[in-house]
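The structure under discussion is supplied below as structure tokens; questions concerning it will follow.
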Amino acid sequence: MKLKRTHKVIEMQENLVGEKVILTGWVQKRRDHGGLIFVDLRDRSGVCQVVFNPDLGAETFTTAEQIRNEYVIAVQGTIYARPEEMYNEKLATGKVEIYADSIEVLNKSKTPPFSINDEIEVDESVRLRYRYLDLRRPEMQKNLILRHKAIKAIRDFLDQQDFLEVETPILTKSSPEGARDYLVPSRVNPGEFYALPQSPQLFKQLLMVAGYEKYFQIARCFRDEDLRADRQPEFTQLDMEVSFMDKNDILTLNENLISFVFKKALDVEVPVPFKRITYKEAIDKYGSDKPDLRFGMELKDLSELAAGSDFKVFAEIAKKGGQVKAINAKGCSNFSRKEIDDLTKFAAIYGAKGLAYMVITEDEIKSPITKFFKEEEVKEILSTLDAAPGDLLLFVADKPQIVADSLGHLRIEIAKKLNLIDENELNFLWVVDFPLLEWDEDEKRYSAMHHPFTSPIAEDIELMTTDRAGEIRAEAYDMVLNGVEIGGGSLRIYRRELQEKMFRLLGMSDEEAREKFGYLMDAFEYGTPPHGGLAFGIDRMVMLMAKKDSIREVIPFPKTQSATDLMTNAPSDVSERQLKELHIKLNLKQK
RNA sequence: GGAGCUGUAGUGUAGCGGUUAUCACGUCGGCCUGUCACGCCGAAGAUCGCGGGUUCGAUUCCCGUCAGCUCCGCCA
């Protein structure tokens, strides 16, 4: 390489006119006019036009004739101001151009499978196969730069607040509870396996035992579960733990952190404190533990009314511990039969066996169910739902969870359909007072809603040994942004007796608890401070900052829905020798 | 494990029981000294994802399968 870069492309501005510069980068576009060639040169910083004129060097011009898109070149030239009528408003460097007197082709390029510049409309599988080209696109570079800025801001803020960044093992111990583990066979311990961490949970608690007081880590986590637009098998968390802080301290700290990060990375003001609502209120009003509060359309409970009515379908469900709830789709009385059918199908995804409706017009109520209700009952329904002519009321009667799920999602679906959501709003909130436990129907036992190290709320501890364990509230909290859970945490149990009690409640024998978590409980006996913490999903947070619908857009090398990497072709076979060393025999189903 | 959507030159697409398989961008060649979505002329480029079936004939219809995506289950 004879030509050594002197400037970044983006530095090509009017103030440097007349200077001799050397730029390096990729050929974004070549426009060959025969006697004059324009090349848009792109580096990480931006794009600038380079002009090749045979008068400035015949050899240079001949070389320029041969270059193609995505060639890597170094160009030496002089910066000229463009005449005003030749400004290119679309380019950040559009007021100048470089007159090249020398060029060096550093590398050639095959014709790329898709265009590098613009908004891609290429199938994602092609993008993933050629991810190194996809990542060249300014859009993707913007996303990764944003990610960098967000993480940098996190580090800066926490460093200021006296936190220490500490690393924890990637090869660790498999634990029951939670997601499926990724396992790693141990060569030196035949038949035994490490697990990749689902999160650094226990290590960070042990760092609190060890007296580090304020810990954080940008930690990779692994969970072998099925993928979604916002779920990858490996993902990045801001993992955090503090000692001697109460819940309020922790929430405030994290509100300030997020506010700082959005300011630094996006230059957006995020006012604090955030709204806080209880889990119960979230489920009751929005049918979700991560409600999107950018719009209303709350769920209204009609169970009591339904139970006393003559409408048998509703009444029986309401009397048998089910619920009857409804939402008011304001102004949707014009929905067609098909649109309502589609909403019914949509509700069915979440287990709703039906979707009853009332179409409210000026002079009547069109509905298959109105006839089952007395006039006062209809009136009460209308007033509960604040119904007016033009509205569409949608009812689901079922088990509480199905009612919440189906109406909760319906609420969002309709809001999207009606464009009720302001895409520029950032609606942060805390959901607090989660239940400690949830009933696992398959296992016929309780499991921890957050994780088994979460502390119950002090006044609910006495319920642990009663049959009302399902009512115990946890010292747990989630941060929600625009209907997406971006972080969650809790105050932890820090006394051995309480932790043992918790394991028993989860149906774990003392022996099993000792075998799996004995080291933690032993540690609790050596002066463990009260502590708690939180973990943010960095991928999700950056996804929302970048206004994307998938975390794959903010992850450089993501996996497909079937957890494969289309570029490397991982996962793949390994040699018989490798398996043998690991003492592994395959037991595959015949194809 | 399940439901839905998608699959046609390098890319994005049109199409339909019988076509020379459409168009655009890109690519290649020629011309072009002010373009920046350069322009003009010309050319090449498609096992219509794969397998099977129905049919005289399938890219088109049916079944299966594979891949990608969205979702349910799952994910403390």
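A note on names: the letters A, B, ... follow the listed sequences, proteins ahead of strands, and every chain is numbered from 1.
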Applying a 4.0 Å non-hydrogen cut-off, can you work out what Glu124(A) is touching in the nucleic acid: base, sugar-phosphate, or nothing? sugar-phosphate
Nucleotide paired to rC5(B) in any strand shown, Watson-Crick or G-U, under 3.5 Å: rG68(B)
Measure CZ/Arg180(A) against P/rG73(B) and give the value in whole Å, please. 15 Å
Test the Lys173(A)-Tyr519(A) pair against the cation-pi criterion, namely NZ or CZ under 6.0 angstrom from the six-membered ring centroid and within 45° of the ring axis. no
Please work out if Glu97(A) contacts a base, only the sugar-phosphate, or nothing of the nucleic acid, heavy-atom cut-off 4.0 Å. base
Span that lies between the C1' atom of rU59(B) and that of rA9(B), in whole angstrom: 14 Å
Asn88(A) side chain, from C-beta outward: closest of rG34(B), rG73(B), rC36(B): rC36(B)
Consider only side-chain N and O atoms of Tyr215(A) and Gln217(A), and report whether a donor and an acceptor are under 3.5 Å apart. yes
Using a cut-off of less than 4.0 Å, is there contact between a side-chain N or O of Lys345(A) and OP1 or OP2 of rG4(B)? no
Quick check: are there more than 12 heavy atoms from other residues, nucleotides or ligands sitting under 6.0 Å from CG of Asp549(A)? no
To the side chain of Asp32(A), which of rG68(B), rU33(B), rC32(B) is closest? rC32(B)
If you assign each of Val126(A) and Gly35(A) to its closest nucleotide in RNA chain B, which residue comes earlier from the 5' end? Val126(A)
Within the 3.5 Å criterion, strictly below it, is a donor on Ser174(A) or Asp181(A) matched to an acceptor on the partner's side chain? yes
Table of protein N/O atoms under 3.5 Å from nucleotides 24-29 of chain B N/O atoms:
from	atom 1	to	atom 2	distance (Å)
rC28(B)	OP1	Arg68(A)	NE	2.9

Which label fits Phe434(A) and Tyr279(A): parallel for a plane angle under 30°, tilted from 30 to 60°, or perpendicular past 60°? tilted
When you measure from the side chain of Arg231(A), which nucleotide among rC75(B), rU33(B), rG68(B) comes out closest? rC75(B)
Once you apply the 3.5 Å cut-off to both distances, tell me the Watson-Crick or G-U wobble partner of rG29(B), or none. rC41(B)
So which nucleotide from rG68(B), rC75(B), rC72(B) ends up closest to the side chain of Glu225(A)? rC75(B)
Could you work out the separation of rC28(B) and rC71(B) based on their P atoms and round it to a whole Å? 40 Å
Mind checking if Phe453(A) touches a base, just sugar-phosphate, or nothing, with heavy atoms under 4.0 Å? nothing
Consider the side chain of His409(A), meaning its heavy atoms from C-beta on, and name the nucleotide among rC72(B), rU70(B), rG68(B) that approaches it most closely. rC72(B)
Would you indicate which nucleotide in rG1(B), rU70(B), rC36(B) comes nearest to any side-chain atom of Asp226(A)? rG1(B)
From CG of Asp342(A) over to P of rG4(B), roughly how many Å is that when rounded to an integer? 14 Å
Does Phe38(A) lie flat on the base of rU35(B), that is, centres under 5.5 Å apart and planes under 30° off? yes
Asp101(A) and Gln76(A) side chains, donor-acceptor separation under 3.5 Å: yes
Could you tell me whether the side-chain ring of His33(A) sits stacked on the base of rU35(B), using a centroid cut-off under 5.5 Å and a plane angle under 30°? no
Where the side chain of Pro113(A) is defined as all heavy atoms beyond and including C-beta, which of rG10(B), rC75(B), rU33(B) is the nearest nucleotide? rG10(B)
CD/Glu65(A): more than 12 non-hydrogen atoms of other groups inside 6.0 Å: yes
Check the distance between rC72(B)'s P and Gln401(A)'s CD and give it to me in whole angstrom. 13 Å
Rounding to a whole Å, what distance do you find between Glu89(A):CD and rA37(B):C1'? 17 Å
Ile349(A), nearest nucleotide to its side chain (from rG34(B), rU70(B), rC72(B)): rC72(B)
When all nucleic acid strands are considered with a 4.0 Å heavy-atom cut-off, which category describes Thr564(A): base, sugar-phosphate, or nothing? sugar-phosphate
On the side chain of Tyr87(A), is there an atom forming a donor-acceptor pair with the base of rG34(B) - under 3.5 Å, no angle test? no
With no angle test and no hydrogens, is the base of rG73(B) tied to the side chain of Arg228(A) by a donor-acceptor pair under 3.5 Å? yes
With a 3.5 Å cut-off and just heavy-atom distances, do the side chain of Glu121(A) and the base of rU11(B) make a donor-acceptor pair? no
Any base atoms under 4.0 Å from Tyr99(A), or only sugar-phosphate, or nothing? Heavy atoms, all strands. base
Taking OP1 and OP2 of rU35(B), is either one under 4.0 Å from a side-chain nitrogen or oxygen of Arg31(A)? no
Ser562(A) side chain vs Thr564(A) backbone, donor-acceptor pair below 3.5 Å: no
In this structure, how many angstroms lie between the P atom of rG73(B) and the CG atom of Leu227(A), rounded? 15 Å
Between Tyr99(A) and Phe52(A), is a ring-ring contact (aromatic ring centres under 6.0 Å, His included) present by the stated rule, with each step listed? CA-CA 6 Å; Tyr99(A) 283 45; Phe52(A) 291 89; over 10 Å; no
Under 4.0 Å, heavy atoms only, any strand: does Pro83(A) hit a base, just the sugar-phosphate, or nothing? nothing
Whole-Å distance, Asp405(A) CG to rC72(B) P, equals 9 Å
Is Thr560(A) touching bases, backbone alone, or none of the nucleic acid, heavy atoms closer than 4.0 Å? sugar-phosphate
Check every atom of rU35(B), rU70(B), rC75(B) against the side chain of Arg223(A) and return the nucleotide holding the closest atom. rC75(B)
Rounding to a whole Å, what distance do you find between Tyr350(A):OH and rG73(B):P? 8 Å
Against Ile486(A), only a single residue in Val480(A), Val542(A), Asp230(A), Leu544(A) fulfils side chain to side chain contact (heavy atoms under 4.5 Å, CB included); can you say which? Leu544(A)
Within the 3.5 Å criterion, strictly below it, is a donor on Gln66(A) or Arg30(A) matched to an acceptor on the partner's side chain? no
For rU20(B), the Watson-Crick or wobble partner whose two distances fall under 3.5 Å: none
Work out how far the P atom of rG57(B) is from that of rG18(B), and round it to whole angstrom. 14 Å
What's the closest nucleotide to the side chain of Leu36(A) if the choices are rU33(B), rG73(B), rG12(B)? rU33(B)
Consider only side-chain N and O atoms of Glu441(A) and Trp439(A), and report whether a donor and an acceptor are under 3.5 Å apart. yes
Quote, to the nearest angstrom, the P distance that separates rU22(B) from rC16(B). 15 Å
Expressed as a whole number of angstroms, how long is the span from Ile402(A):CD1 to rG73(B):P? 10 Å
Quick one: on RNA chain B, does Ala229(A) or Gln49(A) contact a more 5' nucleotide (nearest heavy atom)? Gln49(A)
Base, sugar-phosphate, or nothing: which does Ser562(A) touch, judged by heavy atoms less than 4.0 Å apart? sugar-phosphate
Take atom P in rU60(B) and the same atom in rG17(B), then report the distance between them in whole Å. 11 Å
Report the base-pairing partner of rC61(B) (Watson-Crick or G-U wobble, both distances below 3.5 angstrom), or none. rG53(B)
Tell me if the side-chain of Arg82(A) makes a donor-acceptor pair with the base of rC36(B), cut-off 3.5 Å, by modelled atom types. yes
Could you tell me the Watson-Crick or G-U partner of rU35(B), where both distances fall under 3.5 Å? Say none if there is no partner. none
